[in-house]
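See below for the structure under consideration.
None of the values given here were measured: they were computed from a predicted structure.
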Amino acid sequence: MPLAPQIEPLHPKIAPGDLPARLQPVAEHLKAPKNIKDLRRAMDGCRECPLWRNATQAVPGEGDLSEPLLALVGEQPGDQEDLAGHPFVGPAGRVLDKALEAARIPRAEVFVTNAVKHFKHEPRGKRRLHKRPDRGEIEVCRWWVKNELELIKPKLVVALGATAVQSLSNHKGSLTAARGRTFETREGQPLRATVHPSFLLRVPDKAAKEAEFDRFVADLKSAAAVARKL
Ligand code: URA
């Protein structure tokens, strides 16, 4: 029996309020995914929103799969992640690696994943330009990230950027308001928020870029410090 639901995709503009009932078949089918391996296998077959159509594959989370110190949740795979099938292997991933090293957080103690599992993009000549997932897509895909986090049981979850905050929590304010404090995911796991590493790539001024990088490293350090005390 296939693990993934084979049902018609949602309309991209479906109201988020309609989602829980529509998502029922997924939840029913994979009621309690026994392990992360089954969940990852099923993910590639997800047809709950249209993003799979133009993506190479779903990109599941990876890293420490058993009670990692931190689970870092980004937005969605980028061009390189879509092709490779691994999260954070492109330019944003290199910034993240550098920041984790500066924060002295071993990669072996971290699980890295995304709020949305398929790459959303639009063609621009030969390039595929990243497009931000909309609310409906984030809500639909939440089921996958929620189950990843429930299975691996990180000590603390770190939302990288506004999309991850939106997916993981009920926080309605800005990312700035969420940054620097410990709150909870919708499922009650400890959560902190910081910027997405790709934000650092876009800061034009060299001094400002360095200052933002240092702030990002400080956020990761304090998330790890909080996690170690839990
Ligand atoms: N940006 C993300 O949010 N996730 C990735 O995996 C790559 C880039």
Side-chain angles (χ1 to χ4, degrees), residues 16 20 27 32-36 39-40 43 59-76 87-88 92-93 95-117 133 135 138-200 212-230:
K34 280 191 292 301
N35 57 57
I36 192 83
L39 187 75
R40 296 171 66 148
M43 197 178 283
V59 179
E62 59 186 35
D64 184 354
L65 303 178
S66 177
E67 301 185 22
L69 181 71
L70 300 177
L72 307 179
V73 182
E75 183 194 71
Q76 62 166 351
F88 283 104
V95 174
L96 181 60
D97 283 347
K98 207 173 131 198
L100 284 171
E101 203 183 324
R104 297 185 191 283
I105 300 170
R107 274 306 290 258
E109 290 187 43
V110 170
F111 176 77
V112 181
T113 193
N114 284 302
V116 170
K117 305 304 185 188
R135 264 182 77 187
I138 295 167
E139 278 301 310
V140 170
C141 224
R142 208 184 98 66
W143 190 85
W144 296 104
V145 67
K146 161 178 139 26
N147 274 285
E148 284 185 312
L149 297 176
E150 281 178 354
L151 284 168
I152 66 157
K153 300 184 178 33
K155 296 209 167 45
L156 185 135
V157 183
V158 181
L160 304 174
T163 298
V165 171
Q166 187 180 340
S167 163
L168 297 169
S169 77
N170 291 319
H171 176 77
K172 297 278 182 283
S174 64
L175 178 63
T176 310
R179 198 173 183 181
R181 60 188 184 87
T182 306
F183 52 120
E184 283 190 349
T185 66
R186 295 193 221 175
E187 283 67 46
Q189 290 175 311
L191 174 68
R192 288 179 73 93
T194 182
V195 292
H196 191 283
S198 66
F199 160 71
L200 303 171
E212 288 297 346
F213 179 79
D214 291 348
R215 231 185 127 197
F216 182 53
V217 171
D219 283 350
L220 293 175
K221 268 189 189 162
S222 37
V226 171
R228 286 194 182 102
K229 283 192 202 130
L230 291 171

*Taking only residues two or more places apart in sequence or in another chain, which ones pass side-chain contact (heavy atoms from CB on, under 4.5 Å) with S66?*
D64
*Go through the structure and list residues passing side-chain contact (heavy atoms from CB on, under 4.5 Å) with A177, not counting sequence neighbours.*
H171, S174
*Output all residues satisfying side-chain contact (heavy atoms from CB on, under 4.5 Å) with R215, sequence neighbours left out; order by chain, then residue number.*
R179, E212
_E187 CD: over 12 foreign heavy atoms closer than 6.0 Å_ = yes
*Which residues pass the ring pair (Phe, Tyr, Trp, His ring centres under 6.0 Å) test with F88, sequence neighbours left out?*
H196
*When you look at NZ of K98, are more than 12 heavy atoms from neighbouring residues, nucleotides or ligands closer to it than 6.0 Å?*
no
*Is there a side-chain contact between F111 and L70 (heavy atoms, below 4.5 Å)?*
no
*In Å and rounded to the nearest 0.5 Å, what is the CD to CD distance from E109 to E67?*
12.5 Å
Considering only distance and modelled atom types, tabulate donor-acceptor pairs under 3.5 Å from the side chains of residues 152-168, sequence neighbours left out.
from : atom 1 : to   : atom 2 : distance (Å)
K153 : NZ     : E150 : O      : 3.0
T163 : OG1    : E75  : OE2    : 3.2

*Heavy atoms, side chains only, cut-off 4.5 Å: are E101 and R107 in contact?*
no
*asked:* Once side-chain contact (heavy atoms from CB on, under 4.5 Å) is applied, do any residues pair with R104, and if so which ones, sequence neighbours excluded?
replied: none
*Taking atom CG of N114 and atom CH2 of W144, what is their separation to the nearest 0.5 Å?*
15.0 Å
